[in-house]
Each structure stands twice: as C-alpha cells, then as structure tokens.
Amino acid sequence: MQNDKLKNYLHLHLLVFIAGFTAVLGELISIDAVPLVWYRMLMATILMLGFVAVAKINIKIPLKSVAKLAFAGIVIALHWITFFESIKVSNISITLAMFSTGAFFASLIEPIIYKRKIIWYEIIFGLLIIVGVVIITNSEFKYLNGIILGIISAFLSSTFAVLNGKFLEKHTATVISVYEFISGVLFISLFMLLFGNGFSKEFFVLSLSDFGYLFILASVCTAYAFIASVYVMRHISPYTVVLTFNLEPIYGIILALIFFPENEIMSTSFYIGAAIIISVVMLNGVLENQKKRKSRKLLQKNSQ
C-alpha cells in the first residue's frame with residue numbers, strides 16, 4: 001500500500017516535470033506560435049480519438065454541451081498561442097513567472113462562475129502577486145511584450161480551468177478534452193484562413209527536429225499527461241495534485257537554465273518577484289485545502 005502511494009506521488013511529480021518541459025519544447029520548436037498550437041492540438045486530437053476507439057468510450061453528448069465545450073476549446077487554444085508566443089518574444093523564465101499569476105485570476109473568476117463571495121485573503125494575495133509582477137517588469141522591462149502575453153495566457157488558462165471544473169460535473173474528462181481539442185483545431189484553422197496565410201505548401205514543410213519535438217509535445221506532454229493525470233487523481237487528493245502542479249514554474253525555470261543558460265539567467269530582482277508570486281500561489285493552495293476540510297467537517301456534523 002505504501003509502495004503504491006509512493007509510486008503515485010512520483011508519477012505526479014513526473015507529470016509536473018513534463019508540464020515544465022512543455023515550455024522548453026516551445027523554445028526548441030522553430031515554427032511560430034499559431035501553427036505550433038495547431039499541430040499540437042491536431043496531433044493530440046488524433047491520439048485522443050485513438051484512445052477513445054481502443055477504450056470504446058461513448059463521447060455522444062447534447063449539442064448544447066458541444067457548444068459550451070467548443071467555447072472552452074477556443075479559450076485553451078488562445079491560452080497556448082499566447083503562452084508559446086510569450087516564450088518566443090521573451091524567454092521561458094519570464095513566461096512561467098507570469099503564468100504563475102493564474103491562481104490570482106482563478107480567485108477572481110471562480111466567484112463569478114460559482115456565485116460565491118471573494119475571500120479577504122484572496123485580495124491580499126492578489127496585491128502581493130501584483131507586487132511580484134511589478135518587480136519583474138521593472139527589472140526586465142525589455143521583455144514587456146512577453147510579460148503581457150504571459151499574463152494574458154495565465155488569465156485564459158484560469159478561465160479554462162474554472163470552466164472545466166463546471167463541465168466535470170456533467171461529463172468525463174475524456175469527453176471534455178476530445179471536443180475541446182477538435183474545436184481548438186477548427187478555430188485555429190478558420191483563423192489562419194481568414195487572417196493568416198492559410199495552408200500553403202510551406203506550412204506543411206517541417207524540419208525533422210520540429211516534427212519530433214511537436215510529436216513529443218502532442219503525445220507525451222498533452223495526450224499522455226492528460227490520461228495519466230486523470231489516473232493519478234483517482235489515488236491522490238485533488239488538493240495534493242493542484243498544489244504539486246504549482247511547482248511547474250519552478251521545474252520549468254530550472255530546466256530552462258539547464259537547456260538555455262545563455263538566455264535564461266535573469267536579474268536578482270526577477271527571482272525575488274518570481275519567488276513572491278510562486279510562494280503566494282503555494283500558500284493560497286494550503287489555505288484553500290484548509291477551507292475545504294472545514295467545510296467537509298461542517299457538512300458531516302450537520303448530517304449527523
């Protein structure tokens with residue numbers, strides 16, 4: 001029993017490591033952010049549909065639900081586009097530090113979606129995160145575009161996560177992901193046809209290294225990571241999963257320093273700002289867990 005628990009914890013940290021490695025792949029892939037996300041979502045969709053076929057999963061849902069999931073698919077596509085574009089115009093460290101602000105945005109979005117009051121400490125945490133962002137911006141102003149794109153990416157990611165929390169009340173994670181990925185591919189395709197250069201011959205010409213990195217991104221970092229995270233959540237509490245995934249920026253920044261030391265060594269002020277943001281995110285996770293435990297105990301007491 002203890003060995004199984006240890007295996008699941010190690011598996012969880014492997015998934016967080018993979019999430020951090022996503023940013024490294026974004027730097028290694030030479031194509032622009034929009035086609036990068038199109039290839040990622042298309043490859044992941046094909047792999048997901050293969051999984052659905054093998055596992056014989058029923059993915060039929062009402063048209064109204066399809067429309068809602070399609071909207072979320074567009075949100076995640078835009079999140080990934082702004083995420084990878086932030087890496088390309090700045091670097092991995094800046095992008096991941098800004099991505100950590102997602103917890104702040106979630107604390108603002110959740111009360112709207114779930115119709116609850118904003119908690120006092122969420123406001124304080126939000127102010128501390130703003131302080132961290134200001135410190136980073138002042139010390140790394142040359143990466144302003146990357147900072148803005150990273151914050152937009154964090155906001156979109158938080159919106160997507162909160163929406164998915166609602167969808168999970170009615171649908172399985174597999175069904176949700178399939179429809180979201182398909183809608184994301186269709187949205188980017190339409191965008192490129194209307195506002196981009198469309199699908200020229202050059203679009204489909206990929207270097208061997210780009211294709212390899214894209215396949216790793218779509219298979220290991222997307223399809224496998226999704227399926228494995230669903231499995232892990234059956235054996236580890238959601239709180240532990242969420243809190244551990246907050247380590248993603250730390251893993252990602254360490255990986256960036258290993259792979260790209262010439263571009264990723266930042267000023268002392270950057271690391272102070274990043275430390276403030278990540279620490280606040282971790283503390284928020286701890287307090288959220290305590291709050292949920294108290295709510296469960298109160299419910300159990302009232303039901304007795």
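These numbers were taken from a predicted model, which means no experiment stands behind them.
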Checklist entry - Do S267 and S269 get their side chains close enough for a donor-acceptor pair, meaning under 3.5 Å? => result no

Checklist entry - Do we see a donor-acceptor contact under 3.5 Å between the side chains of H13 and Y251? => result yes

Ignoring hydrogens, what is the shortest heavy-atom contact between [X] and [Y]? Give both atom names and the distance.
X	Y	result
Y271	L257	OH-CD2, 3.8 Å
C221	R40	O-NH2, 3.8 Å
Y143	V89	CD2-O, 4.3 Å
S86	L149	CB-CB, 3.8 Å

Would you say that more than 12 heavy atoms from the other residues, nucleotides or ligands in this model lie under 6.0 Å from the [atom1] of [X], or not?
X	atom1	result
F141	CZ	no
L208	CG	no
F270	CZ	yes
L127	CG	yes

May I ask you to decide if the ring planes of [X] and [Y] are parallel, tilted or perpendicular, using 30° and 60° as cut-offs?
X	Y	value
F199	W38	tilted
F195	F191	tilted
F211	F215	parallel

Item to check | side-chain contact (heavy atoms from CB on, under 4.5 Å), paired with K88, selected from N145, I31, L36 | outcome: L36

